Amino acid sequence: MNKTEWIEEIKKLNVNLKEEQLSKLEEYADFLLEYNQHTNLTAIKTKEEVYLKHFYDSLTLVKIANLTQGKLLDVGTGAGFPGLVLAIAFPKLDVTLLDSNNKKIAFLKECTQKLQLSNVTIIYDRAENYTRLHREEFDFVTSRAVAELRILLELNIPALKINGKFLVMKANIEEELKQALKTIEILNCKIINRETFDLPKNGGKRTLLVICKERKTIEKYPRTFDKIKKHPIK
Ligand code: SAM
């Protein structure tokens with residue numbers, strides 16, 4: 001998807017970006033592809049694919065949430081998806097990008113400095129360590145392509161405020177969702193919205209879910225990653 005087509009598509013999402021934001025995104029795409037030549041950050045190799053599979057996909061979250069303000073945590077952000085794209089599109093959104101991979105963190109630090117973004121905090125940590133300490137702090141938590149839903153729920157929900165929303169992004173959700181229904185209940189949450197659609201240009205199917213936290217998370221969660229993985233809450 002070229003930039004002009006992309007601008008038309010995001011208008012359909014009701015996202016209207018200013019020149020400054022468009023040029024920051026372009027700088028981000030160029031820097032990502034340049035950095036990717038010496039450090040493996042993404043399997044995506046062309047600018048057109050970056051615009052569709054990273055930028056457009058990240059912005060689809062506007063279908064399920066008003067992201068014009070509040071605090072958002074992107075767990076397992078990698079090279080900044082979806083969090084960094086949202087930070088550029090919504091300058092009043094306070095975005096924390098978290099990842100446990102040092103190479104990705106080094107890229108994000110350099111990139112956000114280059115783009116002069118003042119609404120981004122970058123954290124080098126494991127999700128379970130960070131959310132254990134930063135409980136009930138965020139309005140939104142999201143993660144793309146990080147782990148199965150039951151694992152993500154335990155990693156992410158503790159960081160949400162009461163009434164905060166976990167914005168789930170998945171290509172195929174049915175099986176994972178069935179397995180996660182009990183986990184959602186145990187973590188005092190409720191599914192409040194769901195959107196399924198096709199990405200443009202045969203980019204694939206996508207389901208977005210909003211899981212709202214109704215009450216505080218029990219202190220024992222999140223457990224160690226080993227326990228979360230071997231014995232997911234069910
Ligand atoms: N969200 C990005 C995207 O969609 O392009 C990156 C996806 S990449 C497949 C998964 C990322 O999650 C990696 O950068 C990895 O380091 C990070 N990750 C996995 N488990 C994590 C954990 N427990 N804590 C923090 N980061 C984690």
Side-chain angles (χ1 to χ4, degrees), residues 25 28-29 31-33 35-36 39-61 67 72-89 95-112 120-135 137-138 140-160 166-173 176 183 187 199 203-209 217 221-233:
L25 282 169
Y28 178 16
F31 187 56
L32 174 73
L33 292 173
Y35 206 99
N36 208 37
T39 307
N40 186 23
L41 299 170
T42 174
I44 283 171
K45 301 281 182 253
T46 68
K47 208 157 158 178
E48 297 215 338
E49 276 186 298
V50 171
Y51 270 85
L52 175 63
K53 298 198 173 145
H54 286 326
F55 292 176
Y56 180 88
D57 194 32
S58 298
L59 288 175
T60 59
L61 285 179
L67 297 171
L72 178 139
L73 172 66
D74 182 9
V75 171
T77 189
F81 307 112
L84 189 49
V85 179
L86 297 173
I88 296 169
V95 176
T96 300
L97 305 174
L98 177 139
D99 206 284
S100 57
N101 179 319
N102 203 6
K103 282 191 287 186
K104 310 249 170 95
I105 293 296
F107 164 77
L108 291 171
K109 285 190 173 157
E110 219 177 304
C111 187
T112 48
V120 178
T121 305
I122 297 165
I123 308 285
Y124 172 43
D125 202 352
R126 294 218 35 112
E128 59 279 17
N129 296 339
Y130 184 81
T131 64
R132 190 177 302 124
L133 297 174
H134 294 262
R135 309 182 81 82
E137 251 182 46
F138 292 87
F140 305 103
V141 179
T142 192
S143 290
R144 188 184 77 161
V146 175
E148 69 151 284
L149 187 54
R150 279 184 302 186
I151 294 177
L152 286 182
L153 282 159
E154 184 167 349
L155 292 176
N156 293 356
I157 295 295
L160 279 179
F166 174 21
L167 310 176
V168 180
M169 309 175 81
K170 288 281 176 186
N172 298 303
I173 200 163
E176 283 186 44
T183 320
L187 291 170
L199 293 169
K205 194 174 153 189
R206 170 67 77 211
T207 294
L208 305 175
L209 277 189
T217 312
Y221 301 124
R223 297 164 294 160
T224 61
F225 193 73
D226 195 43
K227 284 190 183 146
I228 299 175
K229 203 161 173 176
K230 280 196 191 137
H231 308 286
I233 306 172

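Ligands are counted one by one from 1 in listed order, and the atoms in each one are counted from 1 as well. From a predicted model like this one, the values you see are computed outputs, not experimental measurements. All heavy atoms count here, side chains included; hydrogens, waters and symmetry mates do not.
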Considering only non-hydrogen protein atoms, determine which one is nearest to [atom] and report residue, atom name and distance to 0.1 Å.
{"atom": "atom 23 (N) of ligand 1", "value": "Arg126 NH2, 3.0 Å"}
{"atom": "atom 21 (C) of ligand 1", "value": "Ser100 OG, 3.9 Å"}
{"atom": "atom 19 (C) of ligand 1", "value": "Val146 CG1, 3.8 Å"}

So which of [options] gets nearest to [atom], if we judge by its closest heavy atom?
{"atom": "atom 5 (O) of ligand 1", "options": "Met169, Lys229, Arg144", "result": "Arg144"}
{"atom": "atom 24 (N) of ligand 1", "options": "Gly76, Gly83, Ala127", "result": "Ala127"}
{"atom": "atom 8 (S) of ligand 1", "options": "Gly78, Ala145, Pro222", "result": "Ala145"}
{"atom": "atom 13 (C) of ligand 1", "options": "Val75, Asn101, Thr77, Asp99", "result": "Asp99"}

Please check: side-chain N/O of [X] versus main-chain N/O of [Y], any donor-acceptor pairing under 3.5 Å?
{"X": "Thr112", "Y": "Lys109", "result": "yes"}
{"X": "Glu154", "Y": "Pro232", "result": "no"}
{"X": "Arg223", "Y": "His231", "result": "yes"}
{"X": "Thr183", "Y": "Arg150", "result": "no"}
{"X": "Glu176", "Y": "Leu149", "result": "yes"}
{"X": "Thr77", "Y": "Asp99", "result": "no"}
{"X": "Arg132", "Y": "Pro222", "result": "yes"}

Report task. Can you sort out which atoms of ligand 1 are near Glu128, meaning under 4.0 Å from one of its heavy atoms? Result -> 23 (N)
Query raised in the report: Quick one: which ligand 1 atoms are inside 4.0 Å of a heavy atom on Leu98?
Result: 25 (C)
Query raised in the report: Hey, does Asp125 sit under 4.0 Å from ligand 1 if you only count heavy atoms?
Result: yes
Query raised in the report: If we only count N/O pairs under 3.5 Å, is Lys104 in contact with ligand 1?
Result: yes
Query raised in the report: So is Pro82 polar-close to ligand 1, meaning N/O to N/O under 3.5 Å?
Result: no
Query raised in the report: Taking the inter-plane angle between the rings of Phe81 and Phe55 on a 0 to 90° scale, is it parallel (under 30°), tilted (30 to 60°) or perpendicular (over 60°)?
Result: tilted
